[in-house]
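Hydrogens, waters and symmetry mates play no part in the numbers below; they use all other heavy atoms, side chains included. Note that ligands are numbered from 1 as they come in the structure, with each ligand's atoms numbered from 1 the same way. No experiment lies behind these values; they were computed from the predicted model shown.
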Amino acid sequence: MKTILAIHTGGTISMSQNDKGEIVPNDENPIAEQQSILKGQVKLITDEMFNLPSPHVTPEVMLKIKQRIIKAIADGIDGVVITHGTDTLEETAYFLDLTLPNTIPVVVTGAMRSSNEIGSDGLYNFRNAILVAATDESYGKGVLVVMNDEIHTARFVTKTHTTNVATFRTPTFGPIGIVTQDKAKYFQELIQTEVADIDHVVSGVYLIKAYAGMDGTLFDAINQSDTKGLVIEGLGAGNLPPQTLPAIQKLLDRQIPIVLVSRCYNGVAQDIYDYQGGGIQLKKMGLILCQGLNGQKARIKLLVGLSDEKSGKSLAHFVRNAVS
Ligand SMILES: NC(=O)C[C@H](N)C(=O)O
């Protein structure tokens with residue numbers, strides 16, 4: 001029988017609705033109390049590590065979860081499930097994907113409806129996540145996100161709806177598997193990427209979204225002494241309004257790495273346009289075009305790369321490509 005460690009960190013999955021209809025954190029986590037899930041099939045160990053709404057989760061919290069899992073791997077655990085608030089779930093999941101050895105299944109899940117609401121999805125998602133973590137086929141697939149009967153890679157999954165239970169989607173590539181009839185079934189292989197075994201996290205890594213008519217104001221504002229890196233969600237295939245360029249150049253002159261992704265939901269940033277502010281010019285200026293990640297994930301990847309003391313070409317290589 002496999003031993004699965006459940007690490008609880010908070011979020012709606014551990015919350016309840018009060019008499020006024022408000023969703024509030026609980027002192028006692030109702031999900032952590034569920035000890036009989038898949039009884040006889042798995043041995044469940046529980047660690048109530050945090051009780052945080054996920055907007056309160058920081059890279060330091062993510063690092064603590066990573067360190068807890070490293071200890072569990074050393075102790076011989078067979079798989080890990082993490083319950084987490086959905087607002088920043090994709091960032092924690094991707095942080096773990098980038099920093100953990102790909103040796104045992106690590107599955108992140110959450111809920112869109114709190115524990116006592118009609119149609120609450122928490123217990124169901126938790127059970128499915130345990131099932132996936134205890135499945136042999138889940139080995140070697142990087143960190144997984146299991147929600148609403150679907151299995152996604154942490155690398156590409158994103159929250160797409162504020163309240164719908166079918167909120168987690170993988171744009172461009174789709175989910176890699178489904179949970180059906182009490183089984184995890186996979187239909188896509190995962191391409192391995194580099195892992196960075198970091199022991200601290202840097203601060204000063206920012207994320208800015210481009211818009212029509214944007215100028216250099218926001219770039220000038222983040223041109224501070226503590227700024228270590230910047231991700232820009234560019235327009236379309238990876239372009240920027242020309243008025244932003246002088247302020248961006250000032251950051252590049254200070255050797256601050258700048259990563260460019262697209263603000264589009266689907267597709268990858270590419271250097272295909274040759275006009276002022278087009279992707280070709282941005283690449284020539286030294287921006288790192290990152291293929292396939294959204295802004296918040298590219299920021300996690302840049303933060304992990306910088307925390308691993310990568311710079312120059314090795315940082316660009318680490319950040320650039322999420323798919324190979
Ligand atoms: N569904 C959720 O978990 C949302 C909640 N605000 C959180 O991220 O903690």
Qualifying residue for side chain to side chain donor-acceptor pair (under 3.5 Å) with T46, from Q34, E33, H8, Q35: Q35

Salt bridge present between D220 and K250 (N-O < 4.0 angstrom): yes

Which residues share a salt bridge (Lys or Arg N to Asp or Glu O under 4.0 Å) with R169, sequence neighbours left out: none

Reported CD-to-CG distance for the pair Q291 and L293, which is rounded to 0.5 angstrom: 10.0 Å

N26 side chain to S14 backbone, donor-acceptor under 3.5 Å: yes

Contact residues of ligand 1, where a non-hydrogen atom lies under 4.0 Å away: G11, T12, P53, S54, P55, G85, T86, D87, A111, M112

Ionic contact status for D97 with K66, cut-off 4.0 Å: no

